[in-house]
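Here is the structure we will look at, set down as structure tokens.
Here the structure is a predicted model, which is why all the values come from computation and not from measurement.
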Amino acid sequence: MSQPTPPDAAPAPPAVDHPAVAEALALVADLDAQPLELHHERLSRVHEVLHGVLHPAIPAR
């Protein structure tokens, strides 16, 4: 049985096989330690990456 995570411990980021998603997750891994002014920029970038991965553009014919 797994042990509960102590309340002061940060959860480990999920492991992913997609390099772009892994890079995007790294942008927000330390978000709580970054100035608030950087949050929007980082979250927007992660949103762009995830949207691109989940909804790839249909190639032109």
Side-chain angles (χ1 to χ4, degrees):
M1 190 176 285
S2 65
Q3 297 296 320
T5 304
D8 59 342
V16 295
D17 291 333
H18 196 288
V21 172
E23 185 177 323
L25 290 175
L27 289 173
V28 294
D30 66 342
L31 198 60
D32 59 340
Q34 299 301 314
L36 189 57
E37 300 84 40
L38 295 179
H39 289 203
H40 183 267
E41 179 183 329
R42 287 187 180 201
L43 291 170
S44 292
R45 179 65 188 132
V46 171
H47 180 264
E48 289 173 7
V49 170
L50 294 178
H51 187 272
V53 169
L54 295 172
H55 304 284
I58 298 172
R61 290 183 182 188

Subject >> Atom of Val53, atom of Pro56 and distance for their closest heavy-atom approach >> reply: O-CD, 3.6 Å
Subject >> Greater than 12 external heavy atoms within 6.0 Å of His47's NE2 >> reply: no
Subject >> Cluster check Leu25, Leu31: I/L/V/M/F/W/Y, side chain < 4.5 angstrom >> reply: yes
Subject >> Contact check, side chains of Arg45 and Val49, non-hydrogen atoms, under 4.5 Å >> reply: yes
**OP:** Write down the atom of Arg42, the atom of Asp30, and the distance for their closest heavy-atom approach.
**Re:** NH1-OD1, 2.9 Å
Original post:
So does Gln34 have more than 12 non-hydrogen atoms from other groups sitting under 6.0 Å from CD?
Top reply: yes
Original post:
Among the clusters formed by ILVMFWY side chains lying less than 4.5 Å apart, do Val46 and Leu38 turn up in the same one?
Top reply: no
Original post:
Once you round to the nearest 0.5 Å, how far does CG of Leu50 lie from NE2 of His55?
Top reply: 9.5 Å
Subject >> Glu48 atom CD, neighbour heavy-atom count above 12 within 6.0 Å >> reply: yes
